[in-house]
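These values consider heavy atoms only, across backbone and side chains, with no hydrogens, waters or symmetry-generated copies.
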Amino acid sequence: MATTPAPLKDELDIVIPTIRNLDFLEMWRPFFQPYHLIIVQDGDPSKIIKVPDGFKYDLYNRNDINKLLGPKASCISFKDSACRCFGYMVSRKKYIFTIDDDCFVAKNPSGQDINALEQHIKNLLCPSSPYFFNTLYDPYADGADFVRGYPFSLREGVPTAVSHGLWLNIPDYDAPTQLVKPSERNKRYVDAVMTIPKSTLFPMCGMNLAFDRDLIGPAMYFGLMGDGQPIGRYDDMWAGWCVKVICDHLGLGVKTGLPYIWHSKASNPFVNLKKEYKGIFWQEEIIPFFQAAVLPKECTTVQACYIELSKQVKEKLGKIDPYFTKLSEAMVTWIEAWDELNPPKDSSKLTNGK
């Protein structure tokens, strides 16, 4: 596998949540080795996690999280991959790429290894077009442009805050779909990137995801999941719903499509069903809540938007279950902890509101 140049080498951190040795990094070495890794160890903090030689990294376990955040560490999930968002908080880079430890390098239809990180960077560095759909998908991609009838006033686009990648082999299915399609594999490689339109939500998957930390970082909270919580496997989707509402409000873009990674193993559908059970019912009210959420014009920073959203979560979703009141409080704690470690920036230069 040939090495490739490392764009944004000093401006991007790779965040990996894990409970096991990171042997999977060997396959990613040509692409990841130039970058700094933030490894968030979940579960037993006394367990030794081995990282292959040659990588630059910081490793944080639960003891480190408790020491750094004190009482505010309660907002970081335990025994759930949602703990990865701690890595977003302690990073000092402009961009974040996060990947699961069961994801490997995929190949394109020509048999070439896909440099997922490079494609994410391309997505983040070119504008998005959320206000008018371009039927040739991403008009900023090589060999593409705006189609006839696309308003010239919208062709400048808006800054891209999120790049959402996809997966070959094991699809990102919920437990009921896993149970009825246990052998299904995703073999379709679609060579396309598109901007998710304004006012349209999507189910964000955290296993192959990149974002501009300066633009949207404080909203990338993966919620309260796992140990001690009544729900799991909704961490990335919760963050995605919050992020999309805030991106729409602040005039930021979200792209989905390329790059692909190879998702190597399916988690146990019966275990997943236990984690998802309440969420399957709750999402029928959660999604309409986010579809109807409106943020006031006075909210001009991500933090202000997120605090306002937490109030609406408490007021409207708290009626469904006390968990959402607890979650709304954790959202506030998350922002407080974020601001302690990351003094707020003037976001007026970071957004392009419409």
Side-chain angles (χ1 to χ4, degrees), residues 6-16 32 34-38 84-99 115-131 138 140-141 156-166 193-198 202 204-222 236 239-259 295 299-306 309 334-335 338-339 341-354:
L8 303 181
K9 178 174 66 71
D10 300 318
E11 299 179 68
L12 182 145
D13 276 333
I14 300 173
V15 174
I16 306 168
F32 288 4
Y35 296 87
H36 175 253
L37 312 181
I38 298 178
R84 78 176 78 217
C85 63
F86 176 77
Y88 311 158
M89 182 184 288
V90 297
S91 172
R92 293 296 176 265
K93 304 292 178 61
K94 177 173 172 56
Y95 301 100
I96 296 288
F97 170 58
T98 186
I99 188 171
N115 185 344
L117 183 51
E118 183 178 55
Q119 179 64 50
H120 275 301
I121 290 170
K122 287 181 180 178
N123 292 347
L124 290 172
L125 292 183
C126 76
S128 292
S129 51
Y131 302 115
D138 191 350
Y140 307 100
E156 183 179 353
V158 303
T160 300
V162 180
S163 171
H164 178 255
L166 301 176
V193 176
M194 67 181 76
T195 297
I196 300 175
K198 185 182 180 182
F202 74 111
M204 189 172 82
C205 175
M207 75 172 84
N208 176 24
L209 179 72
F211 60 93
D212 187 320
R213 187 174 173 275
D214 287 350
L215 289 181
I216 203 64
M220 276 289 179
Y221 176 47
F222 277 41
D236 43 8
W241 296 326
C242 292
V243 160
K244 189 58 168 63
V245 169
I246 294 173
C247 281
D248 287 349
H249 176 74
L250 295 178
L252 300 170
V254 177
K255 293 192 175 189
T256 188
L258 301 179
L295 300 173
C299 292
T300 58
T301 67
V302 176
Q303 284 92 330
C305 290
Y306 204 71
L309 207 49
W334 160 263
I335 291 297
W338 181 284
D339 283 349
L341 296 180
N342 305 273
K345 297 181 180 181
D346 177 7
S347 69
S348 62
K349 298 179 181 179
L350 300 178
T351 60
N352 184 20
K354 288 194 180 234

Subject >> From L258 atom CG to M194 atom CE, the distance as rounded to the nearest 0.5 Å >> reply: 9.5 Å
Subject >> Side chain to side chain, V254 and S128, heavy atoms closer than 4.5 Å >> reply: no
Original post:
So, for P218 and W334, which heavy atoms are closest and what is the spacing to 0.1 Å?
Top reply: O-NE1, 2.7 Å
Subject >> Pairwise side-chain contact, M220 with M204, heavy-atom cut-off 4.5 Å (strictly under) >> reply: yes
**OP:** State, to 0.1 Å, how close V158 and G253 come at their nearest heavy-atom pair, and which atoms those are.
**Re:** CG2-N, 3.7 Å
Subject >> Flag side-chain contact, heavy atom, 4.5 Å: F202 against W241 >> reply: no
Original post:
So, the side chain of R213 versus the backbone of F211: is there a donor-acceptor pair under 3.5 Å, distance only?
Top reply: no
**OP:** Take L250 and C305 through the test side chain to side chain contact (heavy atoms under 4.5 Å, CB included) and record every step on the way to the result.
**Re:** CA-CA 9 Å; L250 295 178; C305 290; 4.1 Å; yes
**OP:** Could you grab the distance from atom CG of L309 to atom SG of C242, nearest 0.5 Å is fine?
**Re:** 5.0 Å
Original post:
Got Y140 and K255 here, is their nearest side-chain heavy-atom distance under 4.5 Å?
Top reply: yes
Original post:
With a 4.5 Å heavy-atom cut-off, do M89 and Y221 have their side chains touching?
Top reply: no
**OP:** Indicate yes or no: at least one non-hydrogen side-chain atom of I196 is less than 4.5 angstrom from one of K244.
**Re:** yes
Original post:
Who passes side-chain hydrogen bond (donor to acceptor under 3.5 Å, both in side chains) against T98, sequence neighbours left out?
Top reply: R84
Original post:
Less than 4.5 Å apart, any side-chain heavy atom of N342 and any of R92?
Top reply: yes
**OP:** Just jot down the side-chain hydrogen bond (donor to acceptor under 3.5 Å, both in side chains) partners of D212, sequence neighbours excluded, or say none.
**Re:** K94
**OP:** Taking side-chain hydrogen bond (donor to acceptor under 3.5 Å, both in side chains) as the test, write out the residues that go with H164, two or more places apart.
**Re:** T256
**OP:** Output yes when a side-chain donor or acceptor of T195 lies under 3.5 Å from a complementary backbone atom of S129, and no otherwise.
**Re:** yes
Original post:
Minimum heavy-atom separation for C126 to D138, with atom names?
Top reply: SG-OD2, 4.0 Å
**OP:** Go through the structure and list residues passing ring-ring contact (aromatic ring centres under 6.0 Å, His included) with F32, not counting sequence neighbours.
**Re:** W28, F97
Subject >> From CA spacing to verdict: side chain to side chain contact (heavy atoms under 4.5 Å, CB included), C299, Y306 >> reply: CA-CA 9 Å; C299 292; Y306 204 71; over 6 Å; no
Subject >> Closest contact, heavy atoms only, A210 versus L124 >> reply: CB-CD1, 3.9 Å
**OP:** Just do the side chain to side chain contact (heavy atoms under 4.5 Å, CB included) check on V243 and V162 with the steps written out, would you?
**Re:** CA-CA 9 Å; V243 160; V162 180; 3.8 Å; yes
Original post:
Does the side chain of L252 come within less than 4.5 Å of T160's, by heavy atoms?
Top reply: no
Subject >> Set of residues satisfying side-chain hydrogen bond (donor to acceptor under 3.5 Å, both in side chains) with respect to N208, sequence neighbours excluded >> reply: H120
Subject >> Closest approach of G157 to P127 (non-hydrogen atoms, all atoms of both residues) >> reply: CA-CB, 4.1 Å
**OP:** Give the minimum heavy-atom separation between I246 and A219, together with the two atoms involved.
**Re:** CD1-CB, 3.8 Å
Subject >> Residues Q119, N115; criterion side-chain hydrogen bond (donor to acceptor under 3.5 Å, both in side chains); working and verdict >> reply: CA-CA 7 Å; Q119 179 64 50; N115 185 344; over 6 Å; no
**OP:** Could you walk me through whether I121 and L12 pass side chain to side chain contact (heavy atoms under 4.5 Å, CB included), step by step?
**Re:** CA-CA 9 Å; I121 290 170; L12 182 145; 4.0 Å; yes
Subject >> Residues that F86 engages under ring-ring contact (aromatic ring centres under 6.0 Å, His included), provided they are two or more places apart >> reply: Y60
Subject >> Test applied, side chain to side chain contact (heavy atoms under 4.5 Å, CB included); reference residue, I99; option that passes from I16, L117, L209 >> reply: I16
Original post:
Under 3.5 Å, side chain of K93 to main-chain N/O of H36, donor-acceptor pair present?
Top reply: no
